[in-house]
Amino acid sequence: MNFDAARNRMVDEQLIPRGINEPRVLSAMRKVPRHLFVEEALQDRAYGDYALPIGEKQTISQPYMVALMTEALELSGSEIVLEIGTGSGYQAAILAELSRQVYSIERIASLALRARKVIEVLGYKNVDIKIYDGTLGWEEKAPFDGIIVTASAPDIPKSLTDQLKLGGRLVIPVGTRHFQTLIKVVKKKDGLVKMPLTECVFVPLIGAYGWGE
Ligand code: SAM
């Protein structure tokens, strides 16, 4: 399979027609080899218009969802970004292309270790992955210009908005365990401004300020 051609088709057929138009986001999506973040048997499907399993009952998100969430962070290249839910490491690699430093938290050790390896093989030096409950954020590295939560929460955790810079953006799917709304939050001087982006379905965010086990 020609993965480069498949990746360009993914951008041209799935992202641009749905309104993703930030050039830096589109070029990161054209560049990062998504197929290396899934197991070999699934590589032929890596550029399809869907999420795929990555083991431990978790998923690598649909390409469009990755692009939409990334675009919502409004990254220009100088930012420090926190990701909750490293999963395969694919979203972290996209963020690494678009920001100065990425901190990513995964609660399942086997996934975090595998993601770390792929990120290292691809040569990204600006991604730190830690095994932890991401609902608590990453206090020592805060505040962040952007926070992206790639698992679904019952509410927006205050622990995370507290770690957002003034003017910073947070994207998070909020709703029930089975159906959510993707929300963009901007931290302003006089409070949090919340904008719904789309309906979505993510695996649950499990932790102190997420769902129970
Ligand atoms: N961003 C990932 C990627 O690019 O492959 C996809 C993430 S997957 C949809 C959601 C991930 O969130 C899972 O790997 C899950 O284990 C993780 N997760 C759930 N609750 C978490 C928590 N409290 N802290 C950190 N990671 C969590």
Check the pair V201, H178 against side-chain contact (heavy atoms from CB on, under 4.5 Å), reporting the backbone distance first and the verdict last. CA-CA 6 Å; V201 178; H178 304 290; 6.0 Å; no
Heavy-atom side-chain contact between Y132 and W138 under 4.5 Å | no
* Asked: Any donor and acceptor pair, going by atom type alone, linking the side chain of D128 with main-chain N or O of Y103 inside 3.5 Å?
  -> no
Going by atom types only, do E79 and S99 share a side-chain donor-acceptor pair under 3.5 Å?
-> no
**Asked** Given side chains that start at C-beta, do those of M69 and L182 come closer than 4.5 Å, heavy atoms only?
**Response** yes
Scanning both residues in full, the closest heavy-atom pair of A208 with D133 reads N-OD2, 2.8 Å
Report task. Inspect the surroundings of NZ in K130 and state if more than 12 heavy atoms from other residues, nucleotides or ligands are less than 6.0 Å away. Result -> yes
So CG of L73 and CG of L82: to nearest 0.5 Å the spacing works out to 10.5 Å
Legend entry - Audit row: K194, I156, side-chain contact (heavy atoms from CB on, under 4.5 Å) steps and yes/no: CA-CA 10 Å; K194 299 173 193 166; I156 301 169; 3.9 Å; yes
Residues at least two apart in sequence or cross-chain that pass side-chain contact (heavy atoms from CB on, under 4.5 Å) with E13, listed by chain then number, are R9
Between R45 and V38, is the side-chain contact (heavy atoms from CB on, under 4.5 Å) condition met? List the steps.
CA-CA 9 Å; R45 303 179 61 206; V38 300; over 6 Å; no
The reported gap from CE in M65 to SG in C200 (rounded to nearest 0.5 angstrom) is 5.0 Å
Closest heavy-atom pair, A96 versus Y124, reported as atoms and distance to 0.1 Å, is CB-CD2, 3.6 Å
Correct closest heavy-atom pair for A72 and V171 would be CB-CG1, 3.5 Å
Enclosure of Y209 OH (heavy-atom neighbours >12, cutoff 6.0 Å): no
| query | Hey, does R30 have a side-chain heavy atom less than 4.5 Å from the side chain of D12? | reply | yes
Problem set entry | Stepwise salt bridge (Lys or Arg N to Asp or Glu O under 4.0 Å) check, E74 with K184 | CA-CA 11 Å; E74 299 173 42; K184 173 175 177 174; 2.5 Å; yes
Value for CG (L136) from CG (L160), rounded to nearest 0.5 Å, stands at 8.5 Å
Donor-acceptor pair, Y64 side chain versus D49 backbone, under 3.5 Å? no
Using a strict 4.0 Å threshold on nitrogen-to-oxygen distance, state whether E106 and R116 make a salt bridge.
no
d(K117 NZ, E120 CD) to nearest 0.5 Å is 9.0 Å
One should read off an interatomic distance between I172 CD1 and L205 CG, to the nearest 0.5 angstrom, of 6.5 Å
Exercise. Treat each ILVMFWY residue as a node, draw an edge where side-chain heavy atoms are under 4.5 Å apart, and state whether V203 and L68 are in one component.
Key: no
Closest non-hydrogen atoms of R7 and P33, given as atom of the first, atom of the second and distance, are NH1-CA, 3.7 Å
ask   = Do L166 and K189 pass the side-chain contact (heavy atoms from CB on, under 4.5 Å) test, and can you show the C-alpha distance, the side-chain angles, and the key distance before you say yes or no?
value = CA-CA 7 Å; L166 207 58; K189 241 191 350 228; 3.9 Å; yes
Scanning both residues in full, the closest heavy-atom pair of T176 with S152 reads O-OG, 4.3 Å
Same cluster (ILVMFWY, side-chain, under 4.5 Å), I60 and V11: yes
Checklist entry - Do the ring planes of Y90 and F37 sit parallel (below 30°), tilted (30 to 60°) or perpendicular (above 60°)? => result perpendicular
Is E71 reaching over with its side chain to a backbone N or O of V25, donor-acceptor style, under 3.5 angstrom?
no
query = Do L26 and I20 touch side chain to side chain, with heavy atoms closer than 4.5 Å?
reply = yes
(message) For residues V81 and V149: do they belong to one hydrophobic cluster (side chain heavy atoms under 4.5 Å, members Ile, Leu, Val, Met, Phe, Trp, Tyr)?
(response) no
| Main-chain N/O of E39 paired to Q43 side chain as donor or acceptor, under 3.5 Å | no
Note to self: So does R34 get a backbone contact from the side chain of Y47, meaning a donor-acceptor N/O pair under 3.5 Å?
What the structure shows: yes
When rounded to the nearest 0.5 Å, the distance separating NZ of K187 from CG of D145 is 12.0 Å
Closer than 3.5 angstrom, by distance alone: can the side chain of R177 be matched with the main-chain N or O of W211 as a donor-acceptor pair? no
Q.
For S61 and Q91, which I'm curious about, is there any donor-acceptor pair between the side chains at under 3.5 Å?
A. no
Non-hydrogen side-chain atoms of V174 and Q180 separated by less than 4.5 Å: no
### Task
For residues R114 and I54, determine if any side-chain heavy atom of one lies less than 4.5 Å from a side-chain heavy atom of the other.
yes
### Query
So do the side chains of L42 and P53 get within less than 4.5 Å of each other, counting heavy atoms only?
yes
Heavy-atom nearest pair, G55 first then L111, reads O-CD2, 4.2 Å
Do side-chain atoms of S159 reach the backbone of T135 as a donor and acceptor pair under 3.5 angstrom?
yes
Is there a side-chain contact between T150 and E83 (heavy atoms, below 4.5 Å)? yes
Practice problem: Verify, without hydrogens or angle tests, whether R169 (side chain) and G167 (backbone) share a donor-acceptor contact under 3.5 angstrom. | Solution: yes
Query raised in the report: With hydrophobic residues grouped by side-chain heavy-atom distances under 4.5 Å, do L113 and I84 end up in a single group?
Result: no
Kindly work out whether a path of hydrophobic side-chain contacts (I/L/V/M/F/W/Y, heavy atoms less than 4.5 Å apart) joins L197 to L95. yes
